[in-house]
Every structure is written in structure tokens, then in C-alpha cells.
*Asks:* 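One structure, as C-alpha cells, below. Some questions next.
We name chains A, B, ... by the order of the sequence lines, and we start the count at 1 in each one.
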Number of protein chains: 2
Amino acid sequence: MSNATIKDIAKAANVSVATVSRVVNNGPKVGPETRARIVDLIETMGYRPNINARSLVTNKSSTIGVVIPDVADPFFAALANSVDKVARQHNTQLLISTGQLSADSELEAIKLLLQQRCESIVIHSKLIPNETLIKLFNDNPNFVLINRYIEEIAHRCIWLDNIEGGKIAAKSLINCKHLNIACILSNYDIEDPSLRLKGFTEQLKESNQDIDQKLVVYAEPTLQGGEAATQQLLAANTPFSAVFVYNDAMAIGAISTLEDNGFSVPKDVSVIGCDDVLLSRFSRPKLTTLQYPIETMAHHAAKLSLNIAVNVDDCQPQDASHPSPDILPSLKYTPVLIERESTAIKTD
Amino acid sequence: MSNATIKDIAKAANVSVATVSRVVNNGPKVGPETRARIVDLIETMGYRPNINARSLVTNKSSTIGVVIPDVADPFFAALANSVDKVARQHNTQLLISTGQLSADSELEAIKLLLQQRCESIVIHSKLIPNETLIKLFNDNPNFVLINRYIEEIAHRCIWLDNIEGGKIAAKSLINCKHLNIACILSNYDIEDPSLRLKGFTEQLKESNQDIDQKLVVYAEPTLQGGEAATQQLLAANTPFSAVFVYNDAMAIGAISTLEDNGFSVPKDVSVIGCDDVLLSRFSRPKLTTLQYPIETMAHHAAKLSLNIAVNVDDCQPQDASHPSPDILPSLKYTPVLIERESTAIKTD
DNA sequence: CAAATAAGGTTAAACGTTTACCCTTTTAAT
DNA sequence: ATTAAAAGGGTAAACGTTTAACCTTATTTG
């Protein structure tokens with residue numbers, strides 16, 4: 001019933017398999033009444049083409065792969081979801097493979113996807129070495145790298161300007177007159193935290209401010225990590241009136257811990273996050289954060305990977321305050337500061 | 001290079017394809033030195049079997065499908081993640097297909113997965129009619145339904161006792177002396193909200209309490225939905241001192257709106273959520289909620305679907321206060337109340 | 001009215017595996 | 001010394017498609 005093959009249909013319709021194949025694929029060379037008859041049969045016999053057989057001969061899979069560390073993380077889930085939307089618009093099936101934040105797993109995930117004959121893959125990899133990736137990308141013209149920049153394959157990297165992000169955060173905190181500023185960063189061995197820190201400290205230096213090394217702490221980029229990092233900060237006993245946090249989850253964990261310890265946000269300490277996940281609009285206090293346009297970026301990446309013309313409108317909107325320096329669609333995205341309630345001008 | 005076929009290996013090793021196939025699949029009938037030689041060649045020539053060709057002949061896919069409404073929802077992401085963990089333990093690739101909360105899409109998603117030759121599928125469907133599902137399950141012995149109970153296929157349904165959940169919530173609120181209790185429910189056309197409401201009102205009746213129909217409102221089960229529902233509640237101008245909310249996202253949206261309107265939680269109104277997503281431990285105030293053991297359930301579902309013996313330890317722990325009535329591993333799970341800070345005994 | 005073209009098909013090879021069945025050589029048992 | 005069995009390996013069909021190449025019958029063109 002559900003496993004009728006093309007031959008069964010051909011026999012029932014009294015035509016060759018080629019003809020059936022043509023109606024299935026909307027090919028030419030088949031008369032209207034024959035087509036109608038076959039369409040009918042396909043419907044009533046519940047025929048569905050065997051993807052494997054098809055892929056075997058066409059060497060295509062109608063499948064787009066996504067490699068992310070973890071499906072459960074909202075940030076990566078948003079990424080995958082965005083790719084999924086593009087995929088379903090183009091009759092493409094989404095395949096997700098998780099890299100678990102280990103170089104071996106990431107590579108394994110890619111190979112798995114390759115084995116499934118995905119010709120397009122959007123890869124979020126932080127741990128595979130540049131050279132390996134470059135080699136991989138040279139063999140596979142439809143791979144796209146998201147959230148990472150490698151010069152040699154720059155035209156297939158969709159990335160966020162982390163340095164600029166750090167600068168924007170610093171500017172905002174400086175404007176609020178903060179002098180003792182802490183940093184909570186991810187302890188994952190990836191470049192994002194250090195780039196953000198770099199931009200942040202550079203900007204601080206422009207105002208002749210320096211960052212106290214005791215005030216930069218590292219932890220897992222999760223709610224719990226934010227909690228742990230904040231406890232560490234508190235234990236150091238070095239006063240601070242503001243903290244720049246690696247992501248929103250950590251920021252919310254930080255706020256939670258701060259308040260548990262009698263500090264009010266933003267009265268006693270200002271907190272600025274990064275990512276602008278949906279939640280940051282609903283936390284108490286509402287979170288000031290750097291918007292990471294991951295959905296747009298993932299959308300862009302998916303289209304690039306599928307070789308679909310990228311519509312300028314789909315990309316980061318030209319913002320008067322943050323004009324993109326490149327011709328659109330640019331592969332570089334810049335975060336935008338979203339000011340809400342967790343930051344304030346320093347009092348006392 | 002990366003697309004060497006089994007024939008290439010055979011030629012290089014000076015053996016037949018059958019022999020190569022045997023070493024790839026750890027089959028018998030191949031001598032140790034031949035095996036070593038072939039393994040070597042496979043490595044150096046970067047051979048990876050073509051999954052499509054293999055599936056075509058074996059009619060198996062080493063793939064487990066998951067149908068969920070949406071990847072971006074943390075609840076479903078947790079579900080998928082849990083299935084993924086089981087899958088990778090058993091060398092199985094995860095395939096996610098999204099149902100978008102429409103019966104047609106859900107069915108389409110299943111068919112897509114079937115077309116990819118997934119023999120095992122974990123399905124989260126709320127909208128496909130019972131009969132359709134029953135038929136589908138009779139044809140496909142490895143399908144498992146999660147978060148829904150259909151009597152005819154009960155042995156393949158992993159579900160949560162929503163009625164009991166409603167009762168537990170009601171008891172807790174009654175214990176806190178609340179008399180005017182509101183309900184915020186999902187407006188999706190699924191049975192969960194009505195079952196929870198049913199349990200809730202039944203329990204209320206046992207204490208001779210009744211629920212004011214003006215105090216039960218419906219909205220999207222999201223942060224924004226919680227916001228909207230609460231505004232509706234506030235607009236009705238009927239006082240209430242507690243609210244039972246369909247899920248944690250809505251609950252957090254509700255708290256946010258309540259506080260924006262000058263009500264303090266839990267002083268002025270108690271809020272009880274449902275799901276116990278990670279976030280509920282980090283919201284302000286920390287959320288009292290019904291724990292929905294979705295990870296365990298999904299783990300269980302994945303194993304059931306893959307025909308893997310389900311370990312009793314993996315299932316819901318026997319809790320003295322909530323003994324499971326069935327022999328473990330039970331397919332029915334019961335939510336557990338997690339009391340945190342968003343509920344309190346009624347004052348004034 | 002012949003020739004050219006279009007329309008609607010068919011045939012068969014190819015895709016890369018797995019596996020039942022067959023064959024040969026070596027080893028063990030009598 | 002014979003024979004049986006075991007070990008190691010080869011052959012070829014089959015899985016369900018797509019598609020180039022070919023064929024036949026109308027239809028158009030000059």
C-alpha cells in the first residue's frame with residue numbers, strides 16, 4: 001500500500017516507468033490525459049518516490065545539513081529553525097547533526113551529513129582547525145560557515161563582528177559613567193569571547209580606562225555559568241558597578257545571583273548581555289543587550305548554501321547609526337545595542 | 001578523493017566488492033591480513049559508503065525521525081535533543097521535521113520522514129485525527145507517539161497525565177487559601193489545555209470552589225501570549241489572587257505584565273506555571289511550576305521506537321509522594337510540583 | 001504532397017550497495 | 001589416504017530511480 005514503486009504505477013497505468021518518472025518530476029513529453037491518469041494512480045496507490053533510489057542516480061539529496069553544537073540551546077535552535085524555514089520553502093529536508101563542542105564530534109557530524117549526501121551544509125564550528133575547514137570547503141562548494149571568519153574562504157563565511165560588539169558595549173557603559181567594569185565571558189575555547197573582550201578593552205582604552213584583570217571571569221555560557229561567574233566576581237571582593245556579559249543566558253544568571261546577594265540591577269550594578277534572545281525582553285529587569293541577528297544570518301547562510309539568490313531585504317537592515325561598510329548582502333553582520341532596563345547611569 | 005566507491009577500494013585492494021562490503025560491515029569470511037589491507041585503503045582513500053545505495057538494498061536507513069511543531073521552542077528542542085542523545089548512542093542519525101501546528105503539515109512531515117526511509121519515528125502530533133494516526137501506526141510498527149494518548153495504540157503512547165497535573169496545581173493553590181483563581185491557557189486546538197483545566201476545576205469542586213468563567217483566558221503559548229492573556233485578565237476587572245498558567249513561557253510573560261501593571265508576584269498574585277524549563281529557576285521571582293519530565297519521556301520514546309530495551313532507571317524516578325500506579329517503565333508520566341517563589345499563601 | 005518538426009512515448013544503462021549462492025583451498029577427522 | 005568441513009573469497013542479481021538515446025505517429029510548413 002504505502003510502498004508501491006514506480007513500476008507498479010507504470011504497470012497499472014500501462015506506460016513505461018520513464019513516463020511515470022516524468023510526471024512525478026513534472027517533466028515534459030507526457031500528454032495531458034496520460035498525466036492525469038498517472039497522477040490519479042499515484043494518489044490512490046499512495047506512491048511516494050524512494051528518495052534513496054533517486055539520490056543514488058541523481059547524486060543529489062534535496063537535503064540541507066546543519067551542524068550545531070546542541071539542539072537544546074535556544075540560540076542554536078533559532079539558527080536551525082531559520083535554516084529550516086528556508087529549506088521548506090525550497091522543498092528541502094533539514095538534517096541536523098550535533099557537534100557537542102568537540103573538534104572530533106564536529107568533524108564526525110559533518111562526515112555523517114556528507115555520507116547522507118547533503119551537498120549543502122551550514123556549519124557552526126568553533127573547534128575544527130582552519131586548515132581542515134579550508135580543505136573541506138574546497139572540496140564542497142556549497143558549504144557555508146556561520147559565526148566564524150576564515151580569510152581564505154571569506155566568501156562563504158557569515159559572521160558577526162565581535163570586536164565591534166565589544167566596542168559598542170563599552171561605549172554604552174562609558175556613557176553611563178561606569179568606571180569599574182567587570183566582564184563575564186564564556187570559558188569555551190573559541191575565539192568569540194576573546195574578540196569581544198578585545199573590542200571592549202580597546203574602546204575602554206580610548207577613554208583612558210583600564211580593565212582590572214580580577215574583574216574578568218570565565219564560565220560556561222549558560223544560566224548556571226552566569227551564576228557561577230557572578231559568585232566568583234563577588235568573592236573577589238573588588239567593587240564594580242557594571243558588567244558586560246558574554247550572552248543573555250549568562251546575563252540572566254548573573255542578574256539572578258546579583259539580586260540574591262542583595263545587589264539591585266540596574267541601581268547597584270548595570271548588566272549588559274549579548275544575543276537578544278526572546279527572553280531578554282521578558283526577564284526582570286528587562287535586559288539591555290547586543291542584538292545578534294542570528295535568524296537573519298542563518299537565513300542568509302541557508303540561501304547561500306542552496307545557491308539561492310539572496311534578497312537584499314532579507315539581510316541586515318541598513319541602520320543609519322550603523323551603516324554596513326560592505327556592499328549588501330554583506331557577509332559581515334554587526335550587533336546593535338538594544339537598551340532596556342538592566343543598565344543605568346551610575347548613581348552615588 | 002572523498003567520493004571513492006566500493007569498487008575503487010576493491011580494485012585497489014585486488015579483491016571483489018563483496019569482500020570490501022564485508023569488512024565495512026564487519027562481516028565474516030575475510031582473512032585478517034586482507035581485512036587489514038582493506039581497512040587501510042578505506043582510510044587513505046577516504047571511502048565512505050553511500051548511504052543511499054545501502055538503504056536502497058537493505059531498506060533500512062539508520063535514521064530516526066522526530067516530528068515536532070517547531071525547533072525553536074525550548075520545550076520541543078529539549079525533546080529533540082533527548083532523542084538525539086539516544087540516537088547517537090546507537091549510531092543513528094537524527095532527522096527533524098517540523099509540523100508547524102497544522103494537521104496537513106504534520107502529516108506532510110511524517111510522509112517526508114517516511115520517504116527518507118526512517119523506520120523509527122517519534123511523533124509529537126496534536127492535530128492529526130486519531131483514526132489517521134491509528135492507521136499510520138498499524139502500518140509502521142516503530143512509530144511512537146509522544147505527549148498524546150490514544151487508547152487503540154496505547155502501548156506506543158508516551159504521555160503526561162494532564163488531568164492529574166491540573167489537580168496538583170489546584171491543590172497547591174487551595175492550600176494557599178486562594179479563592180479567586182484565574183487560568184491562562186493555550187489557545188491551540190489541542191486537548192492538553194482542556195485536560196489541565198478539567199483536572200483543575202474538578203479539584204476545585206472537591207473543595208466546593210468554582211471557577212469564574214471570566215477568569216479563564218486563552219492565548220498563544222508563548223511569552224507574548226502570556227502577556228496578552230494577562231492584559232485580557234486585567235481588563236476584565238474581576239479580581240483574582242492566583243493564576244494557573246499553561247506553560248512557563250506564558251507564566252513568565254504573565255509575571256512580566258503583572259508587574260508592569262503594579263501587581264507584585266507573589267505578594268498580590270500567585271503564579272504557577274507548567275513544564276519546569278531551565279529558565280523557570282532563573283526568572284524573577286523564581287517560578288513555581290509543574291515539572292514536565294520531557295527529557296526522560298523523549299528518551300523513553302526514542303528507545304521504544306528503536307526497539308531498545310528500556311532501562312527502568314531511565315524512567316521517571318519512583319517518588320514516594322507520587323508513586324506511579326503502573327509497572328515500570330510506565331508509558332504514563334505524572335507531573336511533579338516544584339515550589340519556588342512565585343506562589344505564596346494569600347495575604348490580607 | 002513531401003519533408004520537417006513536434007508530441008508522446010519506450011528501452012535500457014547506470015547509480016553504489018548487500019547478500020545468496022557458488023567455488024577453491026586448507027585443515028581436521030577418520 | 002581419503003573425505004568432510006571450515007575458511008576465504010568471488011559472481012551476479014537486486015533494490016527503485018533517472019535520463020540519454022531512440023522510435024513512432026500526428027501536425028505543420030513550403
*Asks:* Across the strands shown, which category fits A/V24 at heavy-atom distances under 4.0 angstrom: base, sugar-phosphate, nothing?
*Replies:*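 No contact.
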*Asks:* Verify whether the ring centers belonging to A/Y292 and A/Y333 lie closer than 6.0 Å.
*Replies:* no
*Asks:* Whole angstrom is fine here: how far is it from NZ in B/K11 over to P in D/dT11?
*Replies:*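 From B/K11 NZ to D/dT11 P: 13 Å.
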*Asks:* Is A/E108 salt-bridged to B/R48, cutoff N-O under 4.0 Å?
*Replies:*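 Yes, A/E108 and B/R48 are salt-bridged.
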*Asks:* So does A/H90 get a backbone contact from the side chain of A/T92, meaning a donor-acceptor N/O pair under 3.5 Å?
*Replies:* yes
*Asks:* Using a heavy-atom cut-off of under 4.0 Å over every strand shown, decide if B/T19 touches base, sugar-phosphate, or nothing.
*Replies:*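 Sugar-phosphate only.
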*Asks:* Taking the side chain of B/R54 as its heavy atoms from C-beta onward, which of D/dT19, C/dT18, D/dT17 lies nearest to it?
*Replies:* C/dT18
*Asks:* Using a heavy-atom cut-off of under 4.0 Å over every strand shown, decide if A/N25 touches base, sugar-phosphate, or nothing.
*Replies:*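 Contact class for A/N25: sugar-phosphate only.
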*Asks:* Is the closest basic N to carboxylate O distance between A/E151 and A/R156 below 4.0 Å?
*Replies:*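 Result for this pair is no, no salt bridge flagged.
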*Asks:* If we ignore hydrogens and angles and just use 3.5 Å, is the side chain of B/S55 paired with the main-chain N or O of B/S61 as donor and acceptor?
*Replies:* no
*Asks:* Choosing from D/dT17, C/dT19, D/dT18, which nucleotide comes nearest the side chain of B/T58?
*Replies:* C/dT19
*Asks:* Looking at D/dT11, C/dT18, D/dT17, which one has an atom nearest to any side-chain atom of A/Y47?
*Replies:*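 In terms of side-chain proximity for A/Y47, the closest of D/dT11, C/dT18, D/dT17 is D/dT17.
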*Asks:* Starting at CG of B/N52 and ending at P of C/dT18, how long is that distance when rounded to a whole Å?
*Replies:* 12 Å
*Asks:* Could you check how far CG of A/N50 sits from P of D/dC15, rounded to whole Å?
*Replies:*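 A/N50 atom CG is separated from D/dC15 atom P by 12 Å.
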*Asks:* In this structure, how many angstroms lie between the C1' atom of C/dA7 and the CD atom of A/E33, rounded?
*Replies:* 11 Å
*Asks:* Can you tell me which nucleotide in D/dG16, C/dT17, D/dG10 comes closest to the side chain of B/L56?
*Replies:*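 From the listed options, D/dG16 comes nearest.
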*Asks:* Distance check needed: D/dC15 C1' versus A/I6 CD1, whole Å only.
*Replies:* 14 Å
*Asks:* Return the value, rounded to whole Å, for the distance between atom CD of B/Q115 and atom P of D/dT17.
*Replies:*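 Answer to the nearest Å: 10 Å.
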*Asks:* Just compare C/dT17, D/dG16, D/dT19 and give me whichever is closest to any side-chain atom of A/A53.
*Replies:*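 So the nucleotide nearest the side chain must be D/dG16.
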*Asks:* Of the nucleotides C/dT19, D/dG16, C/dT10, which one has an atom closest to the side chain of B/A18?
*Replies:*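 Given the options C/dT19, D/dG16, C/dT10, the side chain of B/A18 is closest to C/dT19.
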*Asks:* C/dC15 C1' sits how many Å from A/I51 CD1, rounded?
*Replies:* 15 Å
*Asks:* Give the rounded distance in Å between these two atoms: CZ of A/R117 and P of C/dG16.
*Replies:* 8 Å
*Asks:* Could you check whether the side chain of B/R22 and the base of D/dG8 have a donor-acceptor pair of N or O atoms closer than 3.5 Å, going by distance alone?
*Replies:* no
*Asks:* If you check every side-chain atom of B/T34, which of D/dG9, C/dG9, D/dT18 has the closest atom?
*Replies:*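 The nucleotide sitting nearest to the side chain is D/dG9.
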*Asks:* When all nucleic acid strands are considered with a 4.0 Å heavy-atom cut-off, which category describes B/T5: base, sugar-phosphate, or nothing?
*Replies:*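 Sugar-phosphate, no base atom in range.
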*Asks:* Ignoring the backbone of B/P49, work out which of C/dT17, D/dT11, D/dT17 is nearest its side chain.
*Replies:* C/dT17
*Asks:* Do B/C157 and B/L331 have side chains that approach each other closer than 4.5 Å (heavy atoms only, starting at C-beta)?
*Replies:*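 B/C157 does not reach B/L331 side chain to side chain.
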*Asks:* Taking the minimum atom-to-atom distance to the side chain of B/K29, which one of C/dT10, C/dT18, D/dG8 wins?
*Replies:*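 Comparing C/dT10, C/dT18, D/dG8 against the side chain of B/K29, the answer is D/dG8.
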